[in-house]
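Counting convention: from 1, in listed order, for ligands and their atoms alike. If you're wondering where the values come from, they're calculated on a predicted model, not measured in any experiment.
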Amino acid sequence: MPDTDKLPSKVYGWLDERLGLTEIVALAGHKRVPEHKHSFWYYWGGITLFFFIVMCFTGVLLLLYYRPGEEAYESVRMITYEIHFGWLIRSTHSWAANLMVASAFVHMFSTYFMKAYRKPREFLWWSGLGLLSLAMLFGFSGYLLPMDELAFFATKVGLAIPGTIPVVGPWISDLVRGGPEISAYTISRFFALHVVILPALFIPLLMFHLALVQKHGMSIPESEEAKPESERKSIPFFPNFAMKDLAMWLIALNVLALLAAVFPWSLGPAADPLKPAPADIHPEWYFMTSFQILKIFGAWFPGAVGEFLGLASFNLGVVLWAIVPLFDPTSKSGKWGVRATYFGMFMLAAILVTTIWGYAVLPATP
Ligand code: HEM
(Lines give C-alpha, C1' and ligand atoms only; values in the text may rest on other atoms or scores of the structure.)
Protein backbone atom coordinates (compact mmCIF):
# COMPACT_ATOMS: atom_id res chain seq x y z
CA MET A 1 0.00 0.00 0.00
CA PRO A 2 1.43 3.45 -0.87
CA ASP A 3 1.67 5.86 2.07
CA THR A 4 -1.23 8.21 1.09
CA ASP A 5 -0.49 10.66 3.98
CA LYS A 6 2.75 11.62 2.34
CA LEU A 7 1.28 11.80 -1.18
CA PRO A 8 0.48 15.57 -1.21
CA SER A 9 3.95 16.48 0.04
CA LYS A 10 5.52 14.07 -2.47
CA VAL A 11 3.51 15.70 -5.30
CA TYR A 12 4.52 19.15 -4.02
CA GLY A 13 8.17 18.04 -3.81
CA TRP A 14 8.03 16.66 -7.37
CA LEU A 15 6.52 19.89 -8.72
CA ASP A 16 8.78 22.11 -6.60
CA GLU A 17 11.91 20.46 -7.97
CA ARG A 18 10.76 21.19 -11.53
CA LEU A 19 8.91 24.53 -11.19
CA GLY A 20 10.53 26.19 -8.16
CA LEU A 21 7.18 26.60 -6.30
CA THR A 22 8.84 27.43 -2.97
CA GLU A 23 10.63 30.39 -4.53
CA ILE A 24 7.36 31.69 -6.08
CA VAL A 25 5.48 31.38 -2.74
CA ALA A 26 8.38 33.09 -0.93
CA LEU A 27 8.33 35.93 -3.49
CA ALA A 28 4.56 36.42 -3.08
CA GLY A 29 4.91 36.29 0.72
CA HIS A 30 7.67 38.89 0.55
CA LYS A 31 5.36 41.42 -1.10
CA ARG A 32 3.34 43.43 1.44
CA VAL A 33 0.12 45.39 1.00
CA PRO A 34 -0.35 48.56 3.08
CA GLU A 35 -3.31 48.62 5.48
CA HIS A 36 -5.08 51.90 6.20
CA LYS A 37 -8.51 53.51 6.03
CA HIS A 38 -8.46 53.66 2.20
CA SER A 39 -7.33 50.02 1.68
CA PHE A 40 -10.77 49.11 0.29
CA TRP A 41 -9.81 50.73 -3.03
CA TYR A 42 -6.94 48.28 -3.52
CA TYR A 43 -9.46 45.57 -4.44
CA TRP A 44 -10.83 47.21 -7.58
CA GLY A 45 -8.02 46.30 -9.98
CA GLY A 46 -8.46 42.67 -8.91
CA ILE A 47 -12.24 42.88 -9.33
CA THR A 48 -11.76 44.25 -12.87
CA LEU A 49 -9.41 41.35 -13.56
CA PHE A 50 -11.99 38.89 -12.25
CA PHE A 51 -14.66 40.16 -14.67
CA PHE A 52 -12.16 39.92 -17.52
CA ILE A 53 -11.46 36.26 -16.68
CA VAL A 54 -15.23 35.55 -16.62
CA MET A 55 -15.55 37.26 -20.02
CA CYS A 56 -12.82 35.05 -21.50
CA PHE A 57 -14.37 31.89 -20.11
CA THR A 58 -17.95 32.64 -21.18
CA GLY A 59 -16.75 34.09 -24.49
CA VAL A 60 -15.10 30.79 -25.42
CA LEU A 61 -18.37 28.98 -24.62
CA LEU A 62 -20.33 31.41 -26.83
CA LEU A 63 -17.88 30.73 -29.66
CA LEU A 64 -19.07 27.11 -29.71
CA TYR A 65 -22.34 28.23 -31.33
CA TYR A 66 -21.94 31.82 -32.54
CA ARG A 67 -21.61 32.24 -36.32
CA PRO A 68 -20.46 35.62 -37.66
CA GLY A 69 -21.81 36.99 -40.97
CA GLU A 70 -25.30 36.49 -42.40
CA GLU A 71 -26.22 33.88 -39.76
CA ALA A 72 -25.20 35.98 -36.75
CA TYR A 73 -28.72 36.81 -35.55
CA GLU A 74 -30.00 33.27 -36.02
CA SER A 75 -27.04 31.80 -34.07
CA VAL A 76 -27.61 34.18 -31.13
CA ARG A 77 -31.34 33.38 -31.22
CA MET A 78 -30.42 29.71 -30.98
CA ILE A 79 -27.97 30.32 -28.10
CA THR A 80 -30.63 32.33 -26.24
CA TYR A 81 -33.69 30.12 -26.76
CA GLU A 82 -32.55 26.62 -27.74
CA ILE A 83 -29.14 25.70 -26.29
CA HIS A 84 -29.26 24.49 -22.66
CA PHE A 85 -28.16 27.38 -20.43
CA GLY A 86 -27.11 29.31 -23.51
CA TRP A 87 -29.12 32.31 -22.26
CA LEU A 88 -27.23 32.20 -18.96
CA ILE A 89 -23.79 32.09 -20.59
CA ARG A 90 -24.75 34.97 -22.90
CA SER A 91 -26.25 36.97 -20.06
CA THR A 92 -23.20 36.37 -17.84
CA HIS A 93 -20.86 37.43 -20.66
CA SER A 94 -22.74 40.67 -21.34
CA TRP A 95 -23.17 41.58 -17.68
CA ALA A 96 -19.49 40.79 -16.96
CA ALA A 97 -18.47 43.12 -19.81
CA ASN A 98 -20.50 45.99 -18.34
CA LEU A 99 -19.33 45.30 -14.79
CA MET A 100 -15.72 45.13 -16.03
CA VAL A 101 -15.92 48.59 -17.59
CA ALA A 102 -17.71 49.93 -14.49
CA SER A 103 -15.12 48.49 -12.09
CA ALA A 104 -12.28 49.75 -14.33
CA PHE A 105 -13.76 53.27 -13.96
CA VAL A 106 -13.94 52.85 -10.15
CA HIS A 107 -10.34 51.55 -10.18
CA MET A 108 -9.19 54.47 -12.34
CA PHE A 109 -10.76 57.14 -10.14
CA SER A 110 -9.66 55.48 -6.91
CA THR A 111 -6.02 55.21 -8.07
CA TYR A 112 -6.35 58.81 -9.27
CA PHE A 113 -7.54 60.22 -5.96
CA MET A 114 -4.99 58.09 -4.05
CA LYS A 115 -2.38 59.67 -6.37
CA ALA A 116 -1.09 56.24 -7.38
CA TYR A 117 -0.13 57.68 -10.80
CA ARG A 118 2.82 59.58 -9.31
CA LYS A 119 6.48 58.75 -9.84
CA PRO A 120 7.49 55.92 -10.41
CA ARG A 121 4.01 54.63 -11.41
CA GLU A 122 3.42 56.76 -14.54
CA PHE A 123 3.43 53.70 -16.81
CA LEU A 124 0.87 52.02 -14.56
CA TRP A 125 -1.39 54.98 -15.27
CA TRP A 126 -0.78 54.96 -19.03
CA SER A 127 -1.09 51.20 -19.41
CA GLY A 128 -4.29 51.40 -17.34
CA LEU A 129 -5.72 54.01 -19.72
CA GLY A 130 -4.82 51.72 -22.63
CA LEU A 131 -6.60 48.83 -20.92
CA LEU A 132 -9.73 50.89 -20.30
CA SER A 133 -9.83 52.03 -23.93
CA LEU A 134 -9.47 48.44 -25.11
CA ALA A 135 -12.16 47.28 -22.64
CA MET A 136 -14.54 49.89 -24.11
CA LEU A 137 -13.71 48.72 -27.62
CA PHE A 138 -14.42 45.13 -26.52
CA GLY A 139 -17.86 46.35 -25.45
CA PHE A 140 -18.46 48.34 -28.63
CA SER A 141 -17.42 45.51 -30.98
CA GLY A 142 -19.34 42.89 -28.98
CA TYR A 143 -22.54 44.93 -28.96
CA LEU A 144 -23.08 44.54 -32.72
CA LEU A 145 -22.45 40.77 -32.84
CA PRO A 146 -26.08 39.64 -32.17
CA MET A 147 -27.17 41.95 -35.02
CA ASP A 148 -30.54 42.71 -33.47
CA GLU A 149 -32.32 46.01 -34.03
CA LEU A 150 -30.82 47.79 -31.04
CA ALA A 151 -27.28 46.58 -31.80
CA PHE A 152 -27.59 47.69 -35.42
CA PHE A 153 -28.82 51.23 -34.75
CA ALA A 154 -26.62 51.79 -31.66
CA THR A 155 -23.55 50.82 -33.71
CA LYS A 156 -24.70 53.16 -36.46
CA VAL A 157 -24.85 55.99 -33.91
CA GLY A 158 -21.52 54.91 -32.38
CA LEU A 159 -19.74 54.88 -35.72
CA ALA A 160 -21.01 58.37 -36.44
CA ILE A 161 -18.65 59.60 -33.65
CA PRO A 162 -15.30 58.76 -35.37
CA GLY A 163 -17.01 59.83 -38.62
CA THR A 164 -16.99 63.45 -37.34
CA ILE A 165 -13.16 63.59 -37.26
CA PRO A 166 -12.17 66.11 -39.95
CA VAL A 167 -10.72 64.69 -43.21
CA VAL A 168 -9.98 61.08 -42.11
CA GLY A 169 -13.23 60.52 -40.11
CA PRO A 170 -15.49 59.23 -42.93
CA TRP A 171 -12.64 57.04 -44.21
CA ILE A 172 -12.17 55.47 -40.74
CA SER A 173 -15.92 54.80 -40.41
CA ASP A 174 -16.03 53.17 -43.87
CA LEU A 175 -13.01 51.03 -43.07
CA VAL A 176 -14.53 49.79 -39.80
CA ARG A 177 -17.94 49.17 -41.40
CA GLY A 178 -16.53 47.51 -44.52
CA GLY A 179 -18.59 49.87 -46.70
CA PRO A 180 -20.98 52.80 -46.40
CA GLU A 181 -23.60 50.76 -44.46
CA ILE A 182 -23.52 48.23 -41.60
CA SER A 183 -23.62 44.76 -43.19
CA ALA A 184 -22.38 41.19 -42.79
CA TYR A 185 -18.89 42.59 -43.58
CA THR A 186 -19.14 44.82 -40.53
CA ILE A 187 -19.98 41.80 -38.38
CA SER A 188 -16.95 39.90 -39.71
CA ARG A 189 -14.71 42.88 -38.95
CA PHE A 190 -16.16 43.43 -35.49
CA PHE A 191 -15.89 39.70 -34.80
CA ALA A 192 -12.18 39.63 -35.76
CA LEU A 193 -11.64 42.71 -33.58
CA HIS A 194 -13.54 41.21 -30.66
CA VAL A 195 -11.99 37.74 -30.55
CA VAL A 196 -8.53 38.17 -32.13
CA ILE A 197 -7.17 41.71 -32.33
CA LEU A 198 -8.41 43.10 -28.99
CA PRO A 199 -7.39 40.04 -26.91
CA ALA A 200 -3.99 40.08 -28.66
CA LEU A 201 -3.52 43.69 -27.52
CA PHE A 202 -5.26 43.49 -24.14
CA ILE A 203 -3.50 40.44 -22.68
CA PRO A 204 0.14 41.61 -23.15
CA LEU A 205 -0.81 45.10 -21.91
CA LEU A 206 -2.45 43.54 -18.84
CA MET A 207 0.71 41.47 -18.19
CA PHE A 208 2.74 44.69 -18.39
CA HIS A 209 0.33 46.44 -15.98
CA LEU A 210 0.50 43.58 -13.46
CA ALA A 211 4.28 43.25 -13.77
CA LEU A 212 4.56 46.95 -12.87
CA VAL A 213 2.31 46.44 -9.82
CA GLN A 214 4.67 43.62 -8.80
CA LYS A 215 7.73 45.82 -9.39
CA HIS A 216 6.56 48.96 -7.58
CA GLY A 217 4.27 47.43 -4.97
CA MET A 218 1.11 49.25 -3.86
CA SER A 219 1.31 53.00 -3.40
CA ILE A 220 0.17 54.65 -0.18
CA PRO A 221 -2.08 57.70 0.02
CA GLU A 222 -0.69 61.02 1.28
CA SER A 223 -2.32 60.64 4.70
CA GLU A 224 -0.17 57.52 5.22
CA GLU A 225 2.96 59.06 3.76
CA ALA A 226 2.82 61.70 6.47
CA LYS A 227 3.18 59.03 9.16
CA PRO A 228 6.60 57.74 10.31
CA GLU A 229 7.43 54.35 8.74
CA SER A 230 7.21 52.56 12.10
CA GLU A 231 3.51 53.53 12.37
CA ARG A 232 2.50 52.30 8.91
CA LYS A 233 0.74 48.95 8.89
CA SER A 234 0.90 46.29 6.16
CA ILE A 235 0.01 42.63 5.57
CA PRO A 236 1.73 39.98 3.41
CA PHE A 237 0.25 39.72 -0.09
CA PHE A 238 0.29 35.92 0.19
CA PRO A 239 -1.72 34.41 1.74
CA ASN A 240 -3.39 37.29 3.70
CA PHE A 241 -4.28 39.83 1.00
CA ALA A 242 -4.78 37.14 -1.67
CA MET A 243 -7.47 35.53 0.54
CA LYS A 244 -9.21 38.90 0.96
CA ASP A 245 -9.00 39.40 -2.81
CA LEU A 246 -10.59 35.99 -3.27
CA ALA A 247 -13.43 36.94 -0.90
CA MET A 248 -14.03 40.05 -3.04
CA TRP A 249 -14.11 37.87 -6.18
CA LEU A 250 -16.74 35.74 -4.50
CA ILE A 251 -18.89 38.81 -3.82
CA ALA A 252 -18.35 39.95 -7.42
CA LEU A 253 -19.39 36.49 -8.65
CA ASN A 254 -22.57 36.67 -6.57
CA VAL A 255 -23.49 40.10 -7.92
CA LEU A 256 -22.79 38.91 -11.47
CA ALA A 257 -24.80 35.67 -11.06
CA LEU A 258 -27.73 37.57 -9.58
CA LEU A 259 -27.81 40.17 -12.37
CA ALA A 260 -27.34 37.58 -15.14
CA ALA A 261 -30.09 35.30 -13.80
CA VAL A 262 -32.64 37.91 -12.69
CA PHE A 263 -32.14 40.32 -15.61
CA PRO A 264 -31.28 38.04 -18.55
CA TRP A 265 -29.72 39.86 -21.50
CA SER A 266 -32.48 40.39 -24.05
CA LEU A 267 -32.46 39.79 -27.80
CA GLY A 268 -34.61 42.14 -29.86
CA PRO A 269 -36.03 41.57 -33.35
CA ALA A 270 -33.53 41.00 -36.18
CA ALA A 271 -32.04 44.23 -37.56
CA ASP A 272 -33.83 45.64 -40.59
CA PRO A 273 -31.82 48.46 -42.18
CA LEU A 274 -34.91 49.60 -44.12
CA LYS A 275 -36.89 50.28 -40.94
CA PRO A 276 -36.55 53.70 -39.28
CA ALA A 277 -34.31 53.81 -36.17
CA PRO A 278 -36.18 53.54 -32.85
CA ALA A 279 -36.62 57.00 -31.27
CA ASP A 280 -34.64 56.28 -28.06
CA ILE A 281 -31.54 54.91 -29.77
CA HIS A 282 -28.29 55.62 -27.91
CA PRO A 283 -24.83 54.06 -27.50
CA GLU A 284 -23.73 51.98 -24.47
CA TRP A 285 -23.67 53.91 -21.16
CA TYR A 286 -19.86 54.26 -21.19
CA PHE A 287 -19.99 56.15 -24.50
CA MET A 288 -22.76 58.43 -23.29
CA THR A 289 -20.32 61.17 -22.22
CA SER A 290 -18.77 61.50 -25.70
CA PHE A 291 -22.22 61.18 -27.33
CA GLN A 292 -23.70 63.88 -25.11
CA ILE A 293 -20.75 66.27 -25.53
CA LEU A 294 -21.11 66.00 -29.32
CA LYS A 295 -24.85 66.63 -29.01
CA ILE A 296 -24.39 69.69 -26.77
CA PHE A 297 -21.82 71.30 -29.09
CA GLY A 298 -23.91 70.30 -32.10
CA ALA A 299 -26.88 72.20 -30.62
CA TRP A 300 -24.77 75.28 -29.79
CA PHE A 301 -22.90 75.43 -33.10
CA PRO A 302 -24.86 73.78 -35.90
CA GLY A 303 -22.95 71.97 -38.64
CA ALA A 304 -19.32 70.91 -38.91
CA VAL A 305 -18.11 73.61 -36.45
CA GLY A 306 -20.16 72.05 -33.62
CA GLU A 307 -18.92 68.55 -34.47
CA PHE A 308 -15.33 69.73 -34.52
CA LEU A 309 -15.60 71.67 -31.24
CA GLY A 310 -17.36 68.75 -29.51
CA LEU A 311 -14.69 66.30 -30.62
CA ALA A 312 -11.87 68.74 -29.76
CA SER A 313 -13.10 69.41 -26.22
CA PHE A 314 -13.65 65.70 -25.54
CA ASN A 315 -10.15 64.85 -26.78
CA LEU A 316 -8.63 67.71 -24.82
CA GLY A 317 -10.16 66.26 -21.64
CA VAL A 318 -8.73 62.80 -22.45
CA VAL A 319 -5.23 64.17 -23.19
CA LEU A 320 -5.16 66.26 -19.99
CA TRP A 321 -6.32 63.21 -18.03
CA ALA A 322 -3.48 61.15 -19.52
CA ILE A 323 -0.72 63.67 -18.78
CA VAL A 324 -1.65 64.41 -15.16
CA PRO A 325 1.32 62.29 -13.88
CA LEU A 326 3.65 64.74 -15.66
CA PHE A 327 2.14 67.78 -13.91
CA ASP A 328 1.75 66.20 -10.50
CA PRO A 329 4.81 63.94 -10.32
CA THR A 330 5.59 63.76 -6.58
CA SER A 331 3.77 64.11 -3.29
CA LYS A 332 5.73 67.26 -2.45
CA SER A 333 4.45 69.10 -5.49
CA GLY A 334 2.14 71.39 -3.48
CA LYS A 335 -0.24 73.42 -5.61
CA TRP A 336 -0.17 71.01 -8.57
CA GLY A 337 -1.28 68.20 -6.26
CA VAL A 338 -4.32 70.24 -5.17
CA ARG A 339 -5.09 71.29 -8.77
CA ALA A 340 -4.92 67.65 -9.88
CA THR A 341 -7.44 66.69 -7.18
CA TYR A 342 -9.85 69.43 -8.34
CA PHE A 343 -9.34 68.34 -11.94
CA GLY A 344 -10.22 64.75 -10.93
CA MET A 345 -13.39 66.00 -9.23
CA PHE A 346 -14.28 68.00 -12.34
CA MET A 347 -13.78 64.98 -14.62
CA LEU A 348 -15.81 62.71 -12.36
CA ALA A 349 -18.63 65.25 -12.18
CA ALA A 350 -18.47 65.83 -15.98
CA ILE A 351 -18.79 62.09 -16.68
CA LEU A 352 -21.66 61.65 -14.22
CA VAL A 353 -23.56 64.77 -15.34
CA THR A 354 -23.25 64.11 -19.09
CA THR A 355 -24.22 60.43 -18.64
CA ILE A 356 -27.31 61.20 -16.53
CA TRP A 357 -28.18 64.13 -18.80
CA GLY A 358 -27.82 61.89 -21.87
CA TYR A 359 -30.31 59.38 -20.48
CA ALA A 360 -32.67 62.05 -19.17
CA VAL A 361 -33.17 63.70 -22.58
CA LEU A 362 -33.73 60.46 -24.50
CA PRO A 363 -37.20 60.31 -26.01
CA ALA A 364 -39.47 57.67 -24.45
CA THR A 365 -39.75 54.34 -26.30
CA PRO A 366 -42.92 54.46 -28.42
C1 HEM B 1 -9.09 47.51 -17.41
C2 HEM B 1 -8.38 46.61 -16.81
C3 HEM B 1 -7.49 46.76 -15.61
C4 HEM B 1 -7.08 45.72 -14.84
C5 HEM B 1 -7.46 44.26 -15.02
C6 HEM B 1 -6.21 46.28 -13.79
C7 HEM B 1 -5.61 45.52 -12.79
C8 HEM B 1 -4.88 46.05 -11.74
C9 HEM B 1 -4.47 45.33 -10.55
C10 HEM B 1 -4.82 43.87 -10.25
C11 HEM B 1 -3.78 46.19 -9.77
C12 HEM B 1 -3.19 45.92 -8.38
C13 HEM B 1 -4.26 46.10 -7.31
C14 HEM B 1 -5.05 47.41 -7.31
O15 HEM B 1 -4.51 48.51 -7.13
O16 HEM B 1 -6.27 47.35 -7.48
C17 HEM B 1 -3.70 47.46 -10.47
C18 HEM B 1 -3.01 48.58 -10.01
C19 HEM B 1 -3.03 49.81 -10.64
N20 HEM B 1 -3.76 50.16 -11.74
FE21 HEM B 1 -4.92 48.91 -12.84
N22 HEM B 1 -6.13 47.64 -13.96
C23 HEM B 1 -6.89 47.99 -15.04
C24 HEM B 1 -7.13 49.27 -15.49
C25 HEM B 1 -6.55 50.41 -14.96
C26 HEM B 1 -6.89 51.79 -15.31
C27 HEM B 1 -8.03 52.17 -16.27
C28 HEM B 1 -6.04 52.60 -14.63
C29 HEM B 1 -5.94 54.11 -14.67
C30 HEM B 1 -5.96 54.80 -15.76
C31 HEM B 1 -5.17 51.77 -13.82
C32 HEM B 1 -4.14 52.23 -13.00
C33 HEM B 1 -3.55 51.49 -12.00
C34 HEM B 1 -2.59 52.02 -11.05
C35 HEM B 1 -2.05 53.47 -11.01
C36 HEM B 1 -2.27 50.98 -10.19
C37 HEM B 1 -1.32 51.03 -8.99
C38 HEM B 1 -2.14 51.18 -7.74
C39 HEM B 1 -1.27 51.44 -6.51
O40 HEM B 1 -0.05 51.33 -6.59
O41 HEM B 1 -1.86 51.79 -5.49
N42 HEM B 1 -5.51 50.46 -14.01
N43 HEM B 1 -4.40 47.36 -11.66
Side-chain angles (χ1 to χ4, degrees), residues 28 31-57 96-140 198-199 201-225 232 234-238 240-249 251-252 286 289 317-326 328-331 340 343-344 347-348 351:
K31 186 183 159 186
R32 298 188 71 85
V33 179
E35 261 205 326
H36 45 76
K37 59 177 191 270
H38 303 296
S39 294
F40 171 70
W41 302 109
Y42 288 145
Y43 295 110
W44 286 89
I47 294 173
T48 313
L49 179 62
F50 170 74
F51 287 128
F52 179 67
I53 295 170
V54 173
M55 270 177 66
C56 293
F57 184 67
N98 280 275
L99 291 175
M100 181 188 165
V101 175
S103 45
F105 268 105
V106 174
H107 175 53
M108 177 173 77
F109 276 103
S110 57
T111 52
Y112 185 89
F113 288 118
M114 293 232 275
K115 311 259 175 197
Y117 54 76
R118 284 173 163 174
K119 187 187 161 197
R121 294 184 178 76
E122 294 92 335
F123 279 96
L124 260 165
W125 181 251
W126 293 325
S127 56
L129 284 180
L131 287 171
L132 179 60
S133 315
L134 293 176
M136 288 165 79
L137 283 178
F138 260 119
F140 183 66
L198 290 175
L201 296 173
F202 191 90
I203 293 168
L205 194 60
L206 178 62
M207 293 300 140
F208 178 64
H209 195 70
L210 298 181
L212 287 180
V213 174
Q214 183 62 33
K215 172 161 174 47
H216 296 301
M218 304 304 293
S219 68
I220 48 171
E222 281 182 316
S223 53
E224 282 298 295
E225 258 175 18
R232 293 182 201 160
S234 66
I235 56 170
F237 175 76
F238 193 82
N240 307 44
F241 189 77
M243 289 301 139
K244 290 182 172 205
D245 244 346
L246 219 58
M248 280 294 182
W249 285 26
I251 296 173
Y286 39 87
T289 294
V318 173
V319 170
L320 288 178
W321 190 240
I323 60 173
V324 163
L326 303 178
D328 180 25
T330 64
S331 49
F343 180 57
M347 291 294 270
L348 182 58
I351 291 176

For ligand 1, which is the ligand I care about here, please tell me if [X] has any N or O atom under 3.5 Å from one of the ligand's N or O atoms.
X	result
Thr111	no
Met108	no
His107	yes
Arg121	yes

**Message:** Under a 3.5 Å threshold, yes or no: a donor from one side chain and an acceptor from the other, between Asp328 and Tyr117?
**Reply:**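 Tyr117 and Asp328 do have a side-chain donor-acceptor pair below 3.5 Å.
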
**Asked** In this structure, are over 12 heavy atoms from other groups packed under 6.0 Å from Phe113 atom CZ?
**Response**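 Yes.
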
Within the 4.0 Å heavy-atom shell around [X], which atoms of ligand 1 are there?
X	answer
Leu132	27 (C)
Gly217	40 (O)
Thr48	1 (C), 2 (C), 3 (C)

**Fill in**
Counting heavy atoms under 4.0 Å, the part of His209 that contacts ligand 1 is side chain

**Request:** Examine the proximity of ligand 1 to Leu124 and report which part, side chain or backbone, both or neither, has a heavy atom under 4.0 Å away.
**Result:**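 The answer is both, backbone and side chain.
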
**Prompt:** Would Phe202 and Phe52 satisfy ring-ring contact (aromatic ring centres under 6.0 Å, His included), going step by step from the backbone distance to the final call?
**Reply:** CA-CA 10 Å; Phe202 191 90; Phe52 179 67; 4.4 Å; yes

**Request:** To the nearest 0.5 Å, tell me how far Leu212 CG sits from Phe123 CZ.
**Result:**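 It comes to 8.5 Å.
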
Nearest protein heavy atom to [atom], by residue and atom, and its distance?
atom	answer
atom 41 (O) of ligand 1	Ser219 OG, 2.8 Å
atom 1 (C) of ligand 1	Leu131 CB, 3.6 Å
atom 11 (C) of ligand 1	Val213 CG2, 3.8 Å
atom 5 (C) of ligand 1	Leu206 CD1, 3.4 Å
atom 15 (O) of ligand 1	Met218 CE, 3.0 Å
atom 14 (C) of ligand 1	Tyr42 O, 3.2 Å

**Asked** Relative to atom 28 (C) of ligand 1, which among Gly128, Ser127, Ala116 owns the nearest non-hydrogen atom?
**Response**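 Comparing heavy atoms across Gly128, Ser127, Ala116, the nearest one to atom 28 (C) of ligand 1 lies in Gly128.
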
Does even one non-hydrogen atom of [X] get within less than 4.0 Å of ligand 1?
X	answer
Leu210	yes
Phe52	no
Ala135	no
Ser110	no

**Message:** I need the single residue from Phe50, Phe51, Tyr43 that forms a ring pair (Phe, Tyr, Trp, His ring centres under 6.0 Å) with Trp249. Which is it?
**Reply:**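 One option only clears the test, and that one is Phe50.
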
**Prompt:** Under the 3.5 angstrom rule, does the side chain of Arg118 hit a backbone N or O of Leu326 as a donor-acceptor pair?
**Reply:**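 Side chain of Arg118 to backbone of Leu326: no pair is present.
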
**Asked** Could you go step by step and tell me if His107 and Tyr42 meet the side-chain hydrogen bond (donor to acceptor under 3.5 Å, both in side chains) rule?
**Response** CA-CA 8 Å; His107 175 53; Tyr42 288 145; over 6 Å; no

